Amino acid sequence: MKILSVVGARPNFVKIAPILRALDRIRPNLSKPLMSLLVHTEQHYDDEMSAAFFQDLRIPTPNHTLGVGSGTHATQTGEIMRRFEPVLFEERPDLILVVGDVNSTAACALTAAKLCIPVAHVEAGLRSFDRTMPEEINRIVTDALSELLFTTEESGNVNLRREGHPPEHIHFVGNVMVDSLHWCRDLAARSTILERLRLPSREAGGYALVTLHRPSNVDTPQTLARVLDALGQVAREVPVVFPAHPRTRARIAEFGLNRYVAEFDPAAGPQANGRLTLLSPVGYVDFFRLMEAARLVLTDSGGIQEETTCLGIPCLTMRDNTERPVTLTAGTSTLVGNDAERILSSARAALAAPMPPAHAPPLWDGHAAERIAAVLVERG
Ligand code: UD1
Ligand code: UDP
């Protein structure tokens with residue numbers, strides 16, 4: 001059996017690492033040979049968005065790299081398909097495995113489905129019901145084409161059943177992001193990032209951690225200015241560290257919004273001076289440590305809503321909706337949109353409240369990848 005897994009962008013690396021490990025672990029117990037291959041589309045290509053994750057998460061070197069890079073949606077999606085198809089001709093896998101909701105996920109699912117190669121989708125069924133989100137289109141397309149649908153939470157099961165997927169295609173396995181979180185805990189404990197950034201402990205007042213990269217927040221000058229202004233006000237109460245996605249860093253410069261941010265100054269350390277302390281994107285292990293020790297996280301990331309839930313860190317999600325409702329109902333996340341007043345008042349309330357407990361929604365137990373591997377092998 002030949003399984004070809006696909007990654008392309010930062011969150012994909014976090015999701016694939018435990019699955020590749022689980023396939024490796026199950027291999028010696030099988031009667032038939034199992035070959036596991038990895039393709040990296042290189043949708044993300046900067047070292048800090050890609051190579052750092054291979055290193056931190058011990059992901060093996062990909063068997064194929066596609067060098068796709070950035071582009072408009074159609075350019076990037078089309079280019080991934082064009083470059084992925086010859087890999088499928090060459091490798092003739094029995095199944096491809098895609099994760100998440102990025103352009104690489106949907107493009108590779110479509111390429112394989114057209115060649116009648118079965119597709120397995122990890123993190124299936126999530127829906128924000130907001131088709132202005134590029135990821136929502138990718139989720140719908142990928143699920144429609146997938147024969148194996150691995151879900152992380154009950155809402156995913158409900159959505160897939162409503163869309164008419166046969167129950168035998170839906171496998172509720174839990175969350176592979178949480179597998180990575182468990183795997184990384186000891187490594188993160190050895191990270192020195194808090195010391196390197198001179199960040200105050202919670203007892204000394206703590207700090208807030210921000211990430212921001214959704215087009216709806218960062219691609220229009222007025223919205224980005226409004227969000228940065230609100231975060232700047234939070235940064236008067238506590239130091240705010242902001243490992244900025246390259247898209248966001250570029251928009252801040254392009255829209256002339258540098259007044260809201262200050263590059264990290266090792267001599268001074270982060271200050272509660274009304275400006276966000278701008279960092280480059282941080283590797284997975286260091287980012288884990290930054291989340292775990294934060295007083296508060298403000299983000300529009302999908303994965304970080306889940307990770308803060310498991311770590312017991314309050315998370316203000318700067319979006320109007322989420323495809324991960326369990327993080328609201330059984331987690332630490334609150335939707336605050338991109339309204340300045342709401343961001344600031346919610347941040348003040350969170351900073352004044354005790355830290356929430358850690359949550360583990362059903363099957364977020366560190367063993368999701370093992371369940372996925374078992375289903376894949378069983379299918380044969
Ligand atoms: C993509 C995903 C999004 C995911 C995010 C994770 C899609 C449609 N979006 O968004 O779902 O949450 O990744 O981080 O697939 N860039 C660099 N270096 C890189 C990568 C990107 O400079 O290594 C810059 C380029 O200017 C590029 C821009 O970031 O145009 C956006 O990259 P892209 O992959 O198109 O989308 P993301 O915003 O990263
Ligand atoms: N992450 C990281 N360093 C950063 C920002 C995020 O390691 O500077 C990790 C984060 O812990 C999570 C993943 O990247 O595991 C989420 O990726 P991102 O927010 O880019 O994508 P999304 O989840 O929104 O699709």
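Note that ligands are numbered from 1 as they come in the structure, with each ligand's atoms numbered from 1 the same way. Just the heavy atoms: all of them, side chains too, but no hydrogens, waters or symmetry mates, feed the values below. Source: prediction; values computed, not measured. Residue numbers start at 1 and run along the sequence shown.
Protein heavy atom in closest approach to atom 5 (C) of ligand 1: His213 NE2, 3.6 Å. Looking only at heavy atoms of the protein, atom 27 (C) of ligand 1 is closest to Ser70 OG, 3.2 Å. At the shortest separation from atom 38 (O) of ligand 1 among protein heavy atoms lies Arg247 NH1, 2.8 Å. When hydrogens are left out, the protein atom nearest atom 3 (C) of ligand 1 is Glu135 OE2, 3.1 Å; that is the closest non-hydrogen contact. Looking from atom 2 (C) of ligand 1 to the surrounding protein, the closest heavy atom is Val102 CG1, 3.7 Å.
Proximity of His44 to ligand 1, defined as any heavy-atom pair under 4.0 Å, is shared by backbone and side chain alike.
Side-chain contact annotation: Thr105 with His121, donor-acceptor N/O pair under 3.5 Å absent.
The shortest N/O to N/O separation between His73 and ligand 1 does not fall below 3.5 Å.
Looking at Gly303, Pro281, Pro246 and measuring to atom 22 (O) of ligand 1, the nearest heavy atom belongs to Pro246. Distances from atom 15 (O) of ligand 1 to the heavy atoms of Asp101, Thr41, Asn103 put Asn103 nearest.
Residue pairs meeting the ring pair (Phe, Tyr, Trp, His ring centres under 6.0 Å) criterion with at least one partner in residues 154-198, sequence neighbours excluded, are Phe150-His171. Evaluation of the salt bridge (Lys or Arg N to Asp or Glu O under 4.0 Å) test over residues 256-285, restricted to residues two or more places apart or in two chains, returns Arg249-Glu263. Within the structure, ring pair (Phe, Tyr, Trp, His ring centres under 6.0 Å) contacts touching residues 214-259 (residues at least two apart or in different chains) are His44-His245, His213-His245.
Atoms of ligand 1 found under 4.0 Å from any heavy atom of His245, numbered from 1 in the order shown, are 14 (O), 29 (O), 37 (P), 38 (O), 39 (O).
Using a 4.0 angstrom heavy-atom cutoff, Pro11 counts as in contact with ligand 1.
Formation of a donor-acceptor pair under 3.5 Å by the Asn338 side chain with backbone atoms of Val227 is not found in this model.
Listed by chain and number, Arg10, Pro11, Val14, Phe53, Met177, His213, Arg214, Pro243, Pro281, Val282, Gly283, Tyr284, Phe287, Met291, Ser301, Gly302, Gly303, Ile304, Glu307 each place a non-hydrogen atom less than 4.0 angstrom from ligand 2.
Within a 6.0 Å radius of CZ in Arg162, more than 12 heavy atoms belonging to other residues, nucleotides or ligands are found. Atom CD of Glu378 has 12 or fewer heavy atoms from other residues, nucleotides or ligands within 6.0 Å. By the neighbour-count criterion of 12 heavy atoms within 6.0 Å, atom CD of Glu163 is densely surrounded, having more than that number from other residues, nucleotides or ligands.
Aromatic pair His64/Phe84: ring centres not closer than 6.0 Å.
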Handout entry: Full working for salt bridge (Lys or Arg N to Asp or Glu O under 4.0 Å) between Glu153 and Arg324
Key = CA-CA 8 Å; Glu153 59 168 88; Arg324 295 162 158 87; over 6 Å; no
